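See below for the structure under consideration.
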Amino acid sequence: MANFSIVGQRLPMVDGPDKVTGRGLYTDDLALPGMLVGKILHSPHAHACIRRIDTSRAEALPGVKAVVTGRDFPNRYGILPIGHDETAFAVDKVRYIGDNVAGVAAVSEEGARQALELIEVDYERLPAYFDPEETMKAESNWIHDEKPHNIEKEYHHQFGNVEQGLAEADLVVSERFACSEVTHAALEPHSTLAHYDPATDRLTVWSSTQVPYYLHLTLANVLGMPKEKIRVIKPLIGGGFGGKSEVIPVEVEAAVLSRQAALPVKITYTREEVFYAHRGRPIQIIELTIGAKRDGRLTGVKARIVQDGGAYCGYGPVTLLYSGALLGAMYDIQNVQFDGYRVLTNKPACGAMRGHGTVNTRFAFESLLDRVACELGIDPAEIRLRNQLQPPCITVNQLRVTSYGYPECIRQVVEKSGWGEKRGKLPYGKGVGIAGSHYVSGAANSIIRSEMPHSTVNLRVEDDATVTLLTGASEIGQGSDTIQLQLVAEELGVRPDRIKLVAADTERTPIDLGSYSSRVTFMAGNACLAAARNLRKQLFEAVARVWGVSADQLEARDDRVCAQNGSGKVMSFEQAVAAARQQFGTLEATGSYAPPAEARGGKFKGAGVGPSPAYSYSAQVAEVSVDTETGQVSVERITVAHDCGRAINPMTVEGQVEGSVWMGLGQAVQEEMIWNQGRLMNPSLLEYKSASTLESPEIVPILVESVDPEGPLGAKEAGEGSLAAAIPAVANAIYDAVGVRITSTPISAEKILKALRERQKPQARGNGGRR
Amino acid sequence: MIPASFEYFAPRSLEEALQLLAHHGTEAKLLAGGHSLLPMMKLRLATPRTLIDLGRIRGLSYIREDGGRISIGAMTTHAEVESSELLRRRAPLLPETAAEIGDVQVRNRGTLGGSLAHADPAADYPAALLALDAECVLTSQKGTRTVVAKDFFVDMLTTALQAGEILTEVRFAADSPRTGSAYRKLHHPASGFAIVGVAARLTLDATGKGSAVSVGITGVAPKPYRATGVERGLLGQTLDAKRIAEASAQATRGVEPLSDLQASARYRAAMAAVFTRRALAAALGRAQKQG
């Protein structure tokens with residue numbers, strides 16, 4: 001165990017006090033003199049051409065300062081270079097109920113609302129597509145003309161030889177899984193305050209974004225302004241979960257309205273607008289086949305996945321590729337086939353949501369693997385161990401695995417959950433289930449296809465011997481500010497409170513790609529270490545010269561610099577800084593991180609998604625109780641082990657792991673966006689149930705520290721990898737409890753009751769033959 | 001989310017409130033806690049021109065017993081009902097039901113009268129009022145009249161209240177000896193409203209036979225109803241688990257269960273039977289405990 005003083009400590013989160021006391025400022029808390037209220041006119045039709053828009057009456061309304069439609073800002077944008085299919089407002093066509101038709105900025109909210117009612121739009125309705133499998137059959141009236149048959153993207157990957165693998169299997173099982181759409185339901189609704197100042201021709205934007213840098217690029221593109229005229233600032237964020245990881249219409253709309261009005265404009269989405277902005281986890285239909293030898297060794301896996309993408313590209317193709325790339329990559333499977341379709345429908349676009357792309361596939365895979373284990377008479381924990389990877393290794397789809405704590409995670413949850421005493425042995429109605437999942441520690445390839453570092457951090461020592469940490473990384477509640485601060489403090493050997501953090505302000509902080517795909521601890525963390533080491537080097541050089549010793553004999557710890565040569569020389573950090581200042585003047589350093597070439601994956605079409613410098617692993621045992629009269633499931637306990645490489649801050653890692661499990665449970669048993677002809681039937685938190693603390697079962701988190709060779713001090717991802725396993729763990733536990741397998745999410749009471757009725761006799765349970 | 005603009009009155013007396021109501025007619029809505037009305041106004045599902053706030057009228061909030069009859073003022077909050085010692089002793093069905101409404105914030109502000117007059121088909125109180133054979137006192141400038149609970153609930157969001165009338169009081173008989181009651185509910189996971197809510201009250205005679213049995217069911221149909229089929233199966237019978245289970249199968253007899261996002265009609269019907277049985281079984285246990 002390395003001898004750390006600050007890393008490994010349960011340091012309270014640095015942004016915690018402001019948040020819990022209400023002092024902290026979120027975007028909607030901000031106000032500027034003369035600020036206008038922006039409102040959006042949304043499409044009432046799922047698919048229609050816009051024949052005419054008349055905004056004259058709205059413009060004439062007193063207090064209205066700007067009315068903007070699609071033709072005013074027609075530049076297309078999108079988070080992926082291959083998917084620039086959105087505009088600030090619809091130019092000639094609306095593609096989903098809620099699509100953006102026009103924007104108004106007025107001196108009052110009521111005025112803006114009245115103005116919206118005065119905008120006249122003539123629509124010509126078009127046939128609309130809602131079902132992901134039906135939409136692929138469309139012969140005309142495609143949602144985007146350039147996407148025939150409403151297929152946004154399709155990928156066909158074959159590694160090894162799946163047919164041969166399945167032919168060699170002793171058991172082949174197939175199942176069709178259907179996952180409903182779920183959304184992030186962050187507490188903070190999307191909000192943007194944009195201030196275009198005509199005097200300086202500059203635009204400043206405060207926004208609830210996980211990706212200030214991408215927002216910066218997009219705004220420059222949409223407004224046709226040079227980048228240097230735009231500044232993006234991320235205030236406190238009240239939860240993102242992926243919903244703020246691409247540019248959301250409100251961000252562009254506030255900016256164009258401010259540009260038009262030449263006054264500050266703020267727009268905060270209503271909860272209903274948040275639901276319709278969506279970009280959450282899509283409906284997926286997964287047809288999955290697994291082959292296994294009698295001893296449980298997997299010989300092949302094959303998946304056909306249809307993803308209901310909604311009306312725009314967004315992150316969609318990445319979502320789909322993750323579904324394929326991580327399908328077989330947590331186990332040693334030599335034959336993997338993936339056929340994926342990202343199809344367009346007249347609904348809001350899906351996108352990135354915690355566990356991006358991997359969650360539904362993992363539910364399907366781990367559920368079916370449980371069935372394989374049961375049919376072969378192998379303990380489900382054991383079958384997972386029998387198929388473990390042998391790292392360091394490269395998977396068949398060319399993902400490099402350097403550290404792999406998954407087997408240890410399984411052993412830990414088996415031991416701590418009482419698996420052996422419970423599985424197949426609890427009374428009817430109670431059961432346990434096991435499942436695993438994994439996730440990337442950031443994408444090895446940048447989505448914008450740039451070769452620049454993914455994270456850069458600057459450090460500057462001030463005259464008072466405080467250290468300013470300038471980082472572009474975005475704290476979104478996951479703890480990134482705290483982790484960066486701990487890493488720098490550790491490496492400089494200073495008290496954490498010496499460090500002042502300036503983050504996520506494109507004018508002041510270096511470029512960071514943003515908070516998504518669990519990349520910040522790994523990448524910004526490595527950049528922090530590099531910067532701190534550079535700074536320490538200067539400090540040691542200065543001190544070494546004062547003492548007449550060699551710099552490599554020095555150590556920084558506990559706010560002091562010490563000589564390790566038996567001389568007993570000690571200098572406080574302040575004195576060391578003073579010495580360095582005398583010699584160098586200013587004391588600054590920079591550090592950056594880009595994933596190494598060998599972690600960047602293969603060359604086939606779609607190979608860019610999936611590769612990561614390191615992967616986290618998670619194993620979970622769920623213990624459930626099923627009310628066999630109502631079908632209601634109560635999850636009583638989750639024992640979860642997460643391989644986070646090294647826990648920089650065990651408290652925040654546990655928080656992330658618990659949060660992931662909890663979010664997974666929401667999808668497992670209750671969350672579902674319900675659509676009717678493109679209209680969302682439950683667009684409020686009074687109808688769409690997201691789990692609250694009240695519903696949380698006991699969650700027992702266990703941290704497995706595999707110490708990754710590439711990670712910062714060995715750390716890997718912690719914020720997403722434990723989500724996916726929660727769902728199949730619950731599904732498998734339900735099977736153990738009552739002997740039915742539910743192959744769709746959410747696993748509602750009604751579905752369970754129906755399955756129980758169809759399978760009347762409790763003796764037919766397949767859980768190892770008990771009772 | 002802001003409501004459309006409206007005129008606001010906060011009368012200090014019932015007379016003043018009735019006067020305002022008579023004057024503003026159907027343009028006016030009464031504000032009695034606001035936990036249904038205000039969200040509807042914010043979503044602009046309701047856009048009343050005028051709000052008459054009953055919150056400052058003294059004398060509409062009370063719980064008292066007089067000669068075996070309990071009366072509760074319409075502006076009594078759910079929290080007050082829930083925590084009333086008198087009710088817990090004399091008619092525990094109502095506090096048990098009140099405790100299941102919404103959350104603490106809702107129970108601190110929402111009122112008995114407000115909830116009843118709103119007549120949400122998934123509200124909790126109506127089941128209890130039906131099981132208690134309660135009467136609603138309706139007051140207008142012309143005087144007062146009473147309507148029994150069964151007739152008070154007319155349809156979804158519709159009651160027997162006429163223009164110019166305010167629900168001012170609810171009355172019912174306190175429990176007689178050897179009476180047990182219970183409220184059992186399948187919660188909507190997000191809103192907490194009843195997908196199925198069953199209030200049961202039963203009284204045993206000296207031989208253990210059901211001398212009075214009443215079952216009120218909410219959430220299942222467009223309006224709350226008495227499960228008379230269930231009651232008939234138990235009245236005058238020796239009550240035990242088996243007989244209760246048999247009778248509970250009649251929970252949706254004669255009604256057409258609702259079908260919505262949360263539960264299909266079929267599931268609702270099945271759950272009505274399950275929760276009726278559970279409520280009756282709990283009520284029986286409590287009645288038997290009284291010896």
Side-chain angles (χ1 to χ4, degrees), chain A residues 28 37 39 108-114 116-117 180 185 189 268-275 627-634 665-666 668-676 679-695 746 748-757, chain B residues 1-6 35-36 38-45 47 102-106 120 122 184-198 219 241 244-245 248-249 251 257-279 281:
Chain A
D28 189 54
V37 179
K39 282 268 169 207
S108 72
E109 183 174 348
E110 191 56 26
R113 186 194 282 269
Q114 282 170 8
L116 291 185
E117 287 169 11
S180 287
T268 299
Y269 273 164
T270 63
R271 183 55 65 178
E272 186 176 21
E273 286 178 308
V274 173
F275 272 97
D627 183 330
T628 54
E629 289 182 338
T630 64
Q632 286 178 302
V633 176
S634 155
L665 292 178
V669 299
Q670 60 195 16
E671 290 187 36
E672 178 179 22
M673 295 173 88
I674 302 170
W675 298 97
N676 182 4
R679 190 175 298 283
L680 183 60
M681 304 311 287
N682 51 348
S684 88
L685 297 177
L686 267 179
E687 296 154 298
Y688 180 94
K689 176 57 187 173
S690 197
S692 80
T693 44
L694 289 175
E695 293 88 27
S748 67
E750 200 162 344
K751 285 179 192 168
I752 292 178
L753 197 64
K754 187 160 172 273
L756 285 172
R757 295 216 163 140
Chain B
M1 297 299 278
I2 51 167
S5 59
F6 55 87
H35 274 68
S36 294
L38 296 186
M40 286 172 72
M41 288 171 65
K42 286 183 180 178
L43 293 167
R44 306 213 174 191
L45 297 171
T47 49
D103 50 32
V104 172
Q105 289 93 325
V106 169
D120 190 304
R184 291 291 179 269
K185 174 183 182 183
L186 180 63
H187 293 80
H188 183 293
S191 69
F193 273 100
I195 296 171
V196 172
V198 182
I244 283 175
S248 298
L258 297 168
S259 193
D260 60 23
L261 299 179
Q262 208 54 45
S264 67
R266 208 174 149 196
Y267 186 71
R268 253 201 183 77
M271 292 308 100
V274 169
F275 283 82
T276 297
R277 199 198 70 223
R278 290 180 182 182

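In what follows, chains carry the letters A, B, and so on, assigned in the order in which the sequence lines appear, proteins first and then strands, with residues in each chain numbered from 1. Just so you know, these numbers come straight off a predicted model, no measurement behind them.
For the set A4(B), A273(B), S191(B), the entry with the most heavy-atom pairs within less than 4.5 Å of chain A is S191(B). Ranked by heavy-atom pairs under 4.5 Å with chain B, the list D627(A), N682(A), N676(A) is led by D627(A).
When side chains are defined from C-beta on, K185(B) does not count as touching F275(B), because their heavy atoms never get closer than 4.5 Å. Contact annotation: the side chain of L686(A) never approaches that of F193(B) to less than 4.5 Å [non-hydrogen atoms, C-beta and beyond]. Using a 4.5 Å cut-off on side-chain heavy atoms (C-beta onward), L665(A) and E695(A) make no contact.
In this structure, the portion of E687(A) lying under 4.5 Å from any heavy atom of chain B is its backbone and not its side chain. The contact between A749(A) and chain B is made by backbone and side chain atoms together, counting heavy-atom distances below 4.5 Å. Looking at S264(B), the atoms closer than 4.5 Å to chain A (heavy atoms on both sides) sit in the backbone and in the side chain alike. Only the side chain of R277(B) comes within contact range of chain A, with heavy atoms under 4.5 Å apart. If you measure heavy-atom distances from I674(A) to chain B, the contacts under 4.5 Å come from the side chain alone.
A donor-acceptor pair is defined here as one N or O able to donate and one able to accept, closer than 3.5 Å; such a pair exists between the side chain of Y267(B) and the backbone of T630(A).
Using a 4.0 Å cut-off between a side-chain N of Lys or Arg and a carboxylate O of Asp or Glu, K42(B) and E272(A) do not qualify as a salt bridge.
By the 6.0 Å contact criterion, NZ on K754(A) is open, its count of non-hydrogen atoms from other residues, nucleotides or ligands being 12 or less.
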